[in-house]
There are 2 protein chains.
Amino acid sequence: MKNKSLLSQYSIRKTRPRLQIISVIGKFKNRHFSVEEVLKGLRRGKSKVSRASAYRAINLFSQKGLLRPIDLGKGFLLYERASQKSHHDHLYCINCGKIIEFKDQSIEKLQMKVCRKKRFHPKSHTLRITGLCKECL
Amino acid sequence: MKNKSLLSQYSIRKTRPRLQIISVIGKFKNRHFSVEEVLKGLRRGKSKVSRASAYRAINLFSQKGLLRPIDLGKGFLLYERASQKSHHDHLYCINCGKIIEFKDQSIEKLQMKVCRKKRFHPKSHTLRITGLCKECL
DNA sequence: TATTAATTGAGACTGAGTCTCAATTATATA
DNA sequence: TATATAATTGAGACTCAGTCTCAATTAATA
Ligand SMILES: [Mn+2]
Ligand SMILES: [Mn+2]
Ligand SMILES: [Zn+2]
Ligand SMILES: [Zn+2]
């Protein structure tokens, strides 16, 4: 089945909790989601997966590259399916919560340049711009 | 005295807790610091300022522009004196915790350009690059 | 100095996330 | 397929940063 092969693809051992979590995540489509939302989804589906296992699984999935954590400075992390789109950064509307994605290759290049100058070896970066979207004026 | 005038400068009402907090912050020099570190500093100096007041004061100072919050994704905020240097971004070494500051006007301009294209009104941004500093290879 | 509004401290509380450990389950091998 | 071994799980206690409440205190101002 599809979710099982997804886990093998990322060399993650297949267990019932993990498959249920993957299935809930699938329902979010393209949305960014939190671990607590995954937990709610599990509960709605009568799944008994524990909070600890949900956090463990989602950390593991991020580790293995299946998910990508997104830090919008909300005090908890959001996640997105890594395979659905490649690296990008986010605009975050403080009024309505909307998340706008963008990708800017020139910014990325300049970041690399800064790192070279400082002899810094980047592992990851977060560029988040907070403000008001056009609907919120 | 110096700290009192600092508070008037930012139109912040002068109270003993706030003056003690400012004085502890002064001791950090240029270092980025957390609220809990300020609290430790207060305790070391036998001050009885409460945790609630420390958080309240530091939020107020950030509001008023005396401090600038820095989000390194550690699960809590750090702060720096806003007047000591103008806006800049950070490289953060995951191995030794070192924070390297940088300022890149071309990156800032490209960010504005992204915002214009998306009709987004930026209020603030965080660009943090996480990785290994040259000492940590 | 008296009035009024802002600030404070104590400690209970919240929310996200981690930890422990005995019980369960997946995988590898015979 | 049965068994051994190692990985995973669930329950709930726990941590840590930060917030809240509210009566008591204190600052600004006249
Ligand atoms: Mn995204
Ligand atoms: Mn800085
Ligand atoms: Zn909006
Ligand atoms: Zn380092």
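Since the structure is predicted, the reported quantities are computational estimates derived from the model, not experimental observations. Values below: all heavy atoms of this structure, side chains included; hydrogens, waters and symmetry mates excluded. Letters A, B, ... are given to chains in the order of the sequence lines, protein chains preceding strands, and every chain is numbered from 1.
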How many whole angstroms separate atom [atom1] of [X] from atom [atom2] of [N]?
X: B:Gln20; N: D:dT26; atom1: CD; atom2: C1'; value: 14 Å
X: A:Glu36; N: C:dG15; atom1: CD; atom2: P; value: 10 Å
X: B:Lys40; N: D:dC16; atom1: NZ; atom2: C1'; value: 12 Å
X: B:Leu78; N: D:dC16; atom1: CG; atom2: C1'; value: 15 Å
X: A:Asp71; N: C:dG17; atom1: CG; atom2: P; value: 10 Å
X: A:Lys74; N: D:dG18; atom1: NZ; atom2: C1'; value: 17 Å
X: A:Tyr79; N: C:dA16; atom1: OH; atom2: P; value: 12 Å

Which ILVMFWY residues are connected to A:Leu72, directly or by a chain of links, through side-chain heavy atoms under 4.5 Å apart?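 ILVMFWY cluster around A:Leu72 also holds A:Ile70, A:Phe76, A:Leu78, A:Tyr92, A:Ile99.
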Hey, is the side chain of B:Asn59 poking within less than 4.0 Å of OP1 or OP2 on D:dT19, counting only N and O atoms?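 For D:dT19, OP1 or OP2 has a side-chain N or O of B:Asn59 closer than 4.0 Å.
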Give a yes/no answer on whether the side chain of A:Tyr55 brings an N or O atom under 4.0 Å of OP1 or OP2 in C:dG17. yes
Under-3.5 Å N/O pairs linking protein and nucleotides 7-11 of chain C:
residue	atom	partner	partner atom	Å
C:dT7	OP1	B:Arg18	NH1	3.2
C:dT7	OP1	B:Arg18	NH2	3.2
C:dT8	OP1	B:Thr15	OG1	2.6
C:dG9	OP2	B:Ser50	N	3.2
C:dG9	OP2	B:Ser50	OG	3.4
C:dG9	OP2	B:Ser53	OG	2.6
C:dG9	N7	B:Arg56	NH2	2.7
C:dG9	O6	B:Arg56	NH1	3.4

For a quick check under 3.5 Å, do A:Lys74 and A:Ser34 share a side-chain donor-acceptor pair by atom type?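 No pair is found: no donor N or O on one side chain lies under 3.5 Å from an acceptor on the other.
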Over 12 non-hydrogen atoms of neighbours within 6.0 angstrom of [atom1] in [X]:
X: B:Lys134; atom1: NZ; answer: no
X: B:Arg43; atom1: CZ; answer: yes
X: B:Glu36; atom1: CD; answer: yes
X: B:Lys85; atom1: NZ; answer: yes
X: B:Lys48; atom1: NZ; answer: no
X: B:Arg31; atom1: CZ; answer: yes

Between the two ends of the helix from C:dT1-D:dA30 to C:dA30-D:dT1, what is the bend in degrees, rounded to 10 degrees, where each end axis spans five pairs?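 Answer for the end axes of this duplex: 40°.
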Can you check whether A:His125 reaches B:Arg128 side chain to side chain, under 4.5 Å on heavy atoms? no
